[in-house]
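Take a look at the structure below.
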Amino acid sequence: MHNQMITPDFFKQETLELAKSLLGMELVHETAEGTTAGMIVEVEAYRGPLDKAAHSYGGKMTERTRAMFGPPGHAYVYFIYGMHYCMNVVSAEEGAPEAVLIRALQPVSGIRLMGKRRGLDLPENSDIQEIPRRTLQRLTAGPARLCQAMGIDKKQYGLPLNRPPLYLRHYRDPIPKDRIASGPRINIDYAEEAKEYPWRFWIKDNPFVSK
DNA sequence: GGGACGATCGAT
DNA sequence: TCGATCGTCCCC
């Protein structure tokens with residue numbers, strides 16, 4: 001299980017199952033600057049036409065949301081608040097616009113590069129223990145923070161996530177069900193009844209969860 | 001062409 | 001709690 005690439009069928013899970021399966025997996029980005037990787041610790045599911053919180057609510061496809069309507073296992077990256085990027089894993093079959101937002105990572109490798117991208121000057125990786133915990137948390141706790149740390153923006157829009165440069169791989173044994181928590185999604189006050197759907201999932205007690 | 005808004009973050 | 005900051009969406 002350790003550091004194994006995913007199989008072609010991995011993304012053919014129902015979206016809520018895929019969301020939970022992503023917890024504990026590693027997201028890796030290989031770039032000219034170097035490679036960064038983090039373990040996924042928090043996600044949110046967005047489920048197509050009937051989910052008022054989803055960009056694809058009502059089934060409307062725009063230039064921005066096109067990737068959500070494509071085959072699963074690709075990156076849906078969007079720009080928000082005039083300055084941030086967030087990344088989703090597209091789920092469900094082609095034509096069904098569902099996706100899983102990656103909300104937080106626990107840094108695994110390339111931590112110094114993550115810091116550089118986030119505007120910090122961190123010590124060498126060999127001295128990683130010296131970095132204050134809160135500094136490390138601010139690196140990748142939050143959907144926009146992790147994209148900045150991982151070097152993910154519109155250039156990665158639509159990329160397949162089963163091979164370099166941007167990909168998922170198994171990192172450790174699956175997270176046991178009783179170690180996964182769920183609750184309402186964040187910052188979707190406009191979403192009426194969907195506001196309460198418990199489609200946010202995270203690893204219990206993990207310090208890198210965004211909230 | 002123009003107005004309103006947002007799956008966030010960081011400072012206050 | 002609030003301001004930053006601008007692409008995206010939708011209406012005119």
Side-chain angles (χ1 to χ4, degrees), chain A residues 15-16 18-20 22-23 27 38 40-70 72 74-92 96-107 114-122 131-159 161 166 181-203 207-211:
Chain A
T15 298
L16 297 184
L18 178 66
K20 287 178 273 189
L22 288 171
L23 295 175
L27 178 66
I40 297 171
V41 301
E42 181 188 359
V43 298
E44 284 177 356
Y46 288 86
R47 302 180 67 193
L50 299 179
D51 178 5
K52 286 182 179 165
H55 292 160
S56 52
Y57 174 60
K60 68 167 190 285
M61 183 170 72
T62 65
E63 205 49 43
R64 176 180 65 148
T65 61
R66 183 176 305 279
M68 280 189 84
F69 290 78
H74 292 248
Y76 165 48
V77 181
Y78 65 89
F79 183 69
I80 190 74
Y81 295 115
M83 61 187 101
H84 303 299
Y85 293 94
C86 296
M87 180 196 153
N88 292 251
V89 177
V90 174
S91 63
E98 308 192 11
V100 179
L101 173 69
I102 309 298
R103 282 198 59 89
L105 301 174
Q106 174 171 324
M114 289 182 179
K116 180 186 169 196
R117 286 171 172 153
R118 292 270 302 140
L120 303 175
D121 187 22
L122 300 180
I131 302 173
R133 188 220 285 261
R134 66 181 176 282
T135 299
L136 222 41
Q137 288 171 194
R138 278 198 289 260
L139 235 35
T140 53
R145 287 173 178 157
L146 74 88
C147 278
Q148 187 179 17
M150 295 286 289
I152 295 168
D153 59 25
K154 269 301 178 60
K155 292 189 294 296
Q156 282 70 43
Y157 186 94
L159 287 184
L161 297 173
L166 181 63
S182 66
R185 295 167 291 178
I186 307 292
N187 287 339
I188 54 162
D189 287 349
Y190 55 86
E192 303 177 14
E193 80 279 356
K195 192 169 87 165
E196 304 304 326
Y197 297 169
W199 291 352
R200 170 176 173 247
F201 303 97
W202 65 95
I203 299 177
F208 295 90
V209 169
S210 68
K211 197 182 170 205

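Chain A is the first sequence line, chain B the second, and so forth, proteins listed ahead of strands; every chain is numbered from 1.
Using a 4.0 Å heavy-atom criterion, one finds that A144(A) contacts the sugar-phosphate atoms exclusively. Among the heavy atoms of the strands lying under 4.0 Å from Y81(A) is at least one base atom, whether or not backbone atoms are also near. Using a 4.0 Å heavy-atom distance criterion, R138(A) is classed as making no nucleic acid contact. Using a 4.0 Å heavy-atom cutoff across all strands shown, K52(A) reaches no nucleic acid atom at all.
Shown here is K211(A), whose NZ atom has no more than 12 heavy atoms of other residues, nucleotides or ligands within 6.0 Å.
For dC5(B), the paired nucleotide is dG7(C), the pair qualifying as Watson-Crick or G-U wobble because both relevant distances are below 3.5 Å. Across all strands shown, dT12(B) has no partner, as no Watson-Crick or G-U wobble contact with both distances under 3.5 Å is found.
Checking the phosphate oxygens (OP1, OP2) of dC9(B), no side-chain nitrogen or oxygen of R118(A) falls inside 4.0 Å. Residue R64(A) places none of its side-chain N or O atoms closer than 4.0 Å to OP1 or OP2 of dG6(B). The shortest distance between the side-chain N/O atoms of Y190(A) and the OP1/OP2 oxygens of dA7(B) is below 4.0 Å. A close approach under 4.0 Å does not occur between any side-chain nitrogen or oxygen of R200(A) and OP1 or OP2 of dA7(B). For dA7(B), the OP1/OP2 oxygens have no side-chain nitrogen or oxygen of N187(A) closer than 4.0 Å. The side chain of H55(A) places an N or O atom within less than 4.0 Å of a non-bridging phosphate oxygen (OP1 or OP2) of dA7(B).
Contact footprint of chain A on DNA chain C: nucleotides with an atom under 4.0 Å from a non-hydrogen protein atom, first to last in 5' to 3' order, dA4(C) to dC10(C).
To the nearest angstrom, P of dT8(B) lies 16 Å from CE of M87(A). Distance OH (Y76(A)) to P (dA7(B)): 9 Å, rounded to an integer number of Å. Regarding E42(A), its CD atom lies at a distance of 16 Å from the P atom of dA7(B), rounded to whole Å. When rounded to the nearest whole Å, the span between CD of E98(A) and P of dA7(B) equals 18 Å. Atom CD in Q137(A) sits about 15 Å away from atom C1' in dC9(B), given to the nearest Å. Atom-to-atom, OH of Y78(A) to P of dC5(B) comes out at 18 Å; the value is rounded to the nearest Å. Rounded to whole Å, atom P of dT8(B) lies 11 Å from atom CG of N88(A). When the C1' atom of dT8(B) is taken as reference, atom CD of E44(A) falls 12 Å away, rounded to whole Å.
Between the side chains of Q148(A) and R117(A), no donor-acceptor pair is found at a separation under 3.5 Å.
Using a 4.0 Å cut-off between a side-chain N of Lys or Arg and a carboxylate O of Asp or Glu, K195(A) and E192(A) do not qualify as a salt bridge. Between E44(A) and R185(A) there is no salt bridge, since none of the side-chain N atoms of the basic residue sits less than 4.0 Å from a carboxylate O of the acidic one.
Where K60(A) and G82(A) each meet DNA chain C at their nearest nucleotide, the meeting point lying more 5' is that of G82(A).
For R47(A) and W199(A), the positive end sits near the middle of the six-membered ring, less than 6.0 Å away and at most 45° from its axis.
Looking at Y197(A) and P184(A), their side chains never come closer than 4.5 Å, going by heavy atoms from C-beta outward. Counting only heavy atoms from C-beta outward, the side chains of D153(A) and V77(A) never approach each other to under 4.5 Å.
When each of F79(A), Y46(A), Y78(A) is tested with H55(A) by the rule ring pair (Phe, Tyr, Trp, His ring centres under 6.0 Å), just one qualifies, namely Y78(A).
With dA7(B), dC9(B), dG10(B) as the choices, the nucleotide that has an atom nearest any side-chain atom of I188(A) turns out to be dA7(B).
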